[in-house]
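A quick write-up on the structure given underneath.
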Amino acid sequence: PLDLNNVQGDILAGLPKKTQTYFFFLIDESRVQAFRKQLATLIPLITTTAQVFSHHEKISQNKKDAVGRGVSPSLLKISGVNIVFSQKGLVKMGINDNIGDDVFRKGMLADAPTLGDPGTATSDSPDWVPAFKQGVDGMILVSGESHQTVAETLAEIERIFFVGAHCATIHEALRIVGDVRPGKEKGHEHFGFLDGISQPAVRGVNATNNPGQEFVRQGITLLGREGDDKFNAAFVDQGPNTRPSWALDGSFLAFRYLFQLVPEFQTFLKRNPIAGLAPDLGSELLGARFVGRWMSGAPVDIAPTHDDPALGKDASRNNNFRYAFPDDSKTQDRCPFAAHTRKTNPRADIEDLNATTANANEKHRIFRRGVQFGPEVTAAEAASGKTVHGRGLLFAAYQSNIHFGFQFLQNNWSNTANFPPKTGPTGAAVISGLDPLIGQNTAGARSMIGANPQSQSTSLTLPTWVVPKGGEYFFSPSIPALKATFAL
Ligand code: N7H
């Protein structure tokens, strides 16, 4: 059975994320053996899933105690460390087994045309920051409740690998700091919407689920567990062995460096309110229909006309919808077919197509662990409607199969105009257009229908508000694999 002490903590539980530093590194070619020896020293610092769950318990106990004493809870000092490797990193370390995921093995740069990244229409080279175009060998994720804690932990890690010294075994390729937004924006991404509401629950890991939250098998996320399509003889007594045994309980991380053009997005909403409503509500509704949720998190499928903040924060209700109300499957009265949440988790839209399959959507579920980066919008940016300071989402998602996970959501769903497969009241096919947030294609032009509930076949031309500037596919090994296969 699965032992949560063996699995890195970000995968199934999520490292604490008030602030996180993503430290991307290159292994020094001439010091690979020394690096692998030092890695053994890092392993005790790595936070496991069991540890994250016990942190969660401590935090909630701390809150309860504080409430009991009538004081506000003190911030517990907490830090978390995880390490992941790209295919280039594995090869550099001399780990040449085929892990059984072609998308991972080729890397994200080679995948950029499939993902539709800008720049790839005319050249093989997307418009990315240099570090990701050159490629990185791995990433150390350090998280904590404060910048001070993260700085201390990072300094400890840098001492292990002598980062910066003449004998360093790894070199910094890029360091990105992500921060949860301040004050009442906590938990909201930069466009203003509450994020991180819908995550699958995992069988045998999460004891309970919220209404509407589906259980997935462990192998949807962890390699070698039931539900991994390469589930194999190395781990159980059945089927052909298609993954090396050290892959067990690891997971693939799709990392994307996504910039968001926030003042441009807000200006567009302001200038294009849905008609027939007070202008502010018209703009707010347009935004909600782009996302599939209001800023509070309330799903438009349940609350189609007005935000409902109580619904947004109520975990027993805010995920309990399937795009399956009678008016849902053929009309966009409640939620546009192209809305971001509907494209990336179509719920009944695709399960209906495969009534014989228990859950056609299961293999496409991912665990999202991203965090925001960059400052709040300044008054000058808001006034001009133009981004001056870079900000956005450090998108990070785990899955056991990148093709069916992140790549599928981006390429086959968000970028694909005729997904979900829909017919209108007359039986004719309805082409929903692109996911208004992240849908993209190398040609550049974007549009969707259904933004306006009163005029559902009208096409809306969409400027670009999410700009990918890089990323990589990584493998997050289990603790036993780090000890026995990665470290010396
Ligand atoms: Fe999305 N946003 O802030 O508007 N996303 N996302 N995402 N996303 C979700 O339901 C956002 C991106 C998914 O189960 C919410 O938890 C932004 C990529 C999936 O119903 C919000 C960016 C991919 C879900 C956002 C971005 C996904 C989801 C609602 C880029 C995968 C769950 C909160 C800057 C390829 C859907 C919630 C479900 C939800 C936003 C990127 C996937 C508010 C701004 C690249 C699977």
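One-based numbering, in listed order, for ligands and for the atoms of each. Starting from 1, each residue takes its place in the sequence as its number.
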Problem set entry | From CA spacing to verdict: side-chain hydrogen bond (donor to acceptor under 3.5 Å, both in side chains), Asn415, Asp435 | CA-CA 7 Å; Asn415 296 354; Asp435 175 330; over 6 Å; no

Exercise. What do the steps show when you test Glu264 against Thr267 for side-chain hydrogen bond (donor to acceptor under 3.5 Å, both in side chains), and what is the final call?
Worked result: CA-CA 5 Å; Glu264 288 83 350; Thr267 303; over 6 Å; no

Among [options], which one puts a heavy atom closest to [atom]?
atom	options	answer
atom 27 (C) of ligand 1	Arg365, Arg342, Gln440, His340	His340
atom 37 (C) of ligand 1	Arg368, Glu214, Gln407, Gln410	Arg368
atom 45 (C) of ligand 1	Ile438, Val466, Leu261	Ile438

Compute the ring centroids of [X] and [Y], then answer whether they are less than 6.0 Å apart.
X	Y	answer
Phe290	Trp465	yes
Trp413	His364	yes
Tyr473	Phe104	no

For [X], state whether at least one heavy atom is located under 4.0 Å from any atom of ligand 1.
X	value
Arg347	yes
Leu194	yes
Arg293	yes
Gly196	yes

Side chain, backbone, both or neither: which part of [X] has a heavy atom under 4.0 Å from ligand 1?
X	answer
Thr344	both
Val291	side chain
Gln260	side chain

Problem set entry | Heavy-atom side-chain contact between Asp301 and Phe325 under 4.5 Å | yes

Exercise. Is any side-chain heavy atom of Leu4 less than 4.5 Å from a side-chain heavy atom of Val205?
Worked result: yes

Nearest neighbour in protein (non-hydrogen) for [atom]:
atom	answer
atom 23 (C) of ligand 1	Phe395 CE1, 3.3 Å
atom 3 (O) of ligand 1	Glu189 CG, 2.4 Å
atom 14 (O) of ligand 1	Ser198 OG, 2.5 Å
atom 33 (C) of ligand 1	Asp195 OD1, 3.3 Å
atom 22 (C) of ligand 1	Leu393 CD2, 3.6 Å
atom 4 (O) of ligand 1	Leu437 CD1, 2.9 Å

Exercise. Can an N or O of Ile366 be found at a distance shorter than 3.5 Å from an N or O of ligand 1?
Worked result: no

If you count the atoms of ligand 1 from 1 in the order shown, which ones are under 4.0 Å from a heavy atom of [X]?
X	value
Leu409	35 (C), 46 (C)
Phe193	43 (C)
Asn345	14 (O), 20 (O), 36 (C), 38 (C)
Ile197	16 (O), 37 (C)

For this session: For the pair Phe255 and Phe24, name the ring-plane relationship: parallel under 30°, tilted 30 to 60°, perpendicular over 60°.
Result: tilted

For this session: Specify whether Phe395 and Phe406 have parallel, tilted or perpendicular ring planes, treating 30° as the upper limit for parallel and 60° as the lower limit for perpendicular.
Result: tilted

Exercise. Between Asn82 and Arg369, does a side-chain hydrogen bond (donor to acceptor under 3.5 Å, both in side chains) hold up when you go through it step by step?
Worked result: CA-CA 13 Å; Asn82 272 193; Arg369 302 287 179 215; over 6 Å; no

Problem set entry | Residue from His147, Lys17, Gln372 passing side chain to side chain donor-acceptor pair (under 3.5 Å) with Asp179 | His147

Problem set entry | Sole residue of His190, His188, Arg368 in side chain to side chain donor-acceptor pair (under 3.5 Å) with Asp195 | Arg368

For this session: Salt-bridge test for Glu172 and Arg175: reply yes if a basic N is under 4.0 Å from a carboxylate O, no otherwise.
Result: yes

